[in-house]
Engineer: 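One structure, as structure tokens, below. Some questions next.
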Amino acid sequence: MQTEEAKTNQELKTEFLFEQLNWRYAVKKFDSTRRLSERQVQDLAEVLRLAPTSYGLQPFKFFIVTNQSVKEKLKPHAWNQPQITDSSHLVVIAAKQDLTQDDVNHYFERIVDVRKMPREQLADFENTVKEFAKNLSSSGNAHNWAARQCYIALGFLLEAAALLKIDACPMEGFVPSGFDEVLKLNEQGYGAVVLCALGFRAEDDAFGKMAKVRFPKHEIIEII
Ligand SMILES: Cc1cc2nc3c(=O)[nH]c(=O)nc-3n(C[C@H](O)[C@H](O)[C@H](O)COP(=O)(O)O)c2cc1C
């Protein structure tokens, strides 16, 4: 048996990773008296911002709802699931409804600004992305494509929350058009895709004590 002292830093980090991935579960019952600190909210917001996207286009926006009366208005559009109102913060992950040439221009202006590069140096890449956006938009697939980017952000958020010992529940059980209406998302060019309730589990949430149901490795992993 290895002692704690003998474990390398890397081994301890790996142990912590799996401890937290097993600790997390989709919380059904939040402790409604507990709130995330402002620091925790800001840290998770930064995690969302750091999520990767195809071409780096970031075709999404994250609406972090903490106002209780807004949550009450959203709840009936989410099958009255209690996580909507009992969680501390509800992240509504919304995707752009379209991907316009203006969106692409906005992105390239940002690259130039952040990386201090001349725009001309990006011309080939910019043309490729503009062509990509044009095809997506004209085929009516932009929102679906953007929605897939939203799920990457959701995955990032779930894992980071677990590592920060913050509880979460990913949620697809809602009517996007209802959320769009309450939060006026369409007016801003977005449509709700997926939710993530954040906060702290109630001690008596029965789901917290249940074993994880996952298929064995040999069924879902194949090394070729
Ligand atoms: C995209 C997505 C949508 C989900 N929607 C809901 C939901 O609306 N309500 C809910 O209680 N759980 C929801 N879940 C939770 C899943 O049921 C849960 O993650 C799955 O059973 C695995 O269990 P675990 O997360 O506790 O390990 C959702 C999970 C994902 C990833």
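When a ligand or atom number is given, it counts from 1 through the structure's own listing order.
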Engineer: Provide the full list of side-chain hydrogen bond (donor to acceptor under 3.5 Å, both in side chains) pairs with a residue in residues 148-172, sequence neighbours left out, each pair given once.
Structural biologist: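 Every pair satisfying side-chain hydrogen bond (donor to acceptor under 3.5 Å, both in side chains) with a residue in residues 148-172: Tyr151-Glu172, Asp167-Arg201.
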Engineer: Counting neighbours of NZ on Lys116 that are heavy atoms of other residues, nucleotides or ligands and sit closer than 6.0 Å, is the number greater than 12?
Structural biologist: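 Count over threshold, so yes.
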Engineer: Write out the protein residues near ligand 1, meaning a non-hydrogen atom under 4.0 Å from one of its atoms, in order of chain and number.
Structural biologist: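 Only Arg24, Tyr25, Ala26, Lys28, Gln81, Gln83, Tyr151, Cys169, Pro170, Met171, Glu172, Gly173, Lys212, Arg214 have heavy atoms that fall under 4.0 Å of ligand 1, ordered by chain and number.
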Engineer: Using the test ring pair (Phe, Tyr, Trp, His ring centres under 6.0 Å), find all partners of Phe132 that sit at least two apart in sequence or belong to another chain.
Structural biologist: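 With neighbours one apart ignored, the set is Tyr55, Trp145.
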Engineer: What pairs meet the side-chain hydrogen bond (donor to acceptor under 3.5 Å, both in side chains) rule with one or both residues in residues 214-224, with sequence neighbours excluded?
Structural biologist: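 Those involving residues 214-224 do not exist here.
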Engineer: If we count only N and O atoms by modelled type, under 3.5 Å, do the side chains of Asp103 and Thr100 hold a donor and an acceptor together?
Structural biologist: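 Yes - a donor-acceptor pair under 3.5 Å links their side chains.
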Engineer: Would you find a donor on one side and an acceptor on the other, under 3.5 Å apart, between the side chain of Thr14 and the backbone of Gln10?
Structural biologist: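 Such a contact is found between Thr14 side chain and Gln10 backbone.
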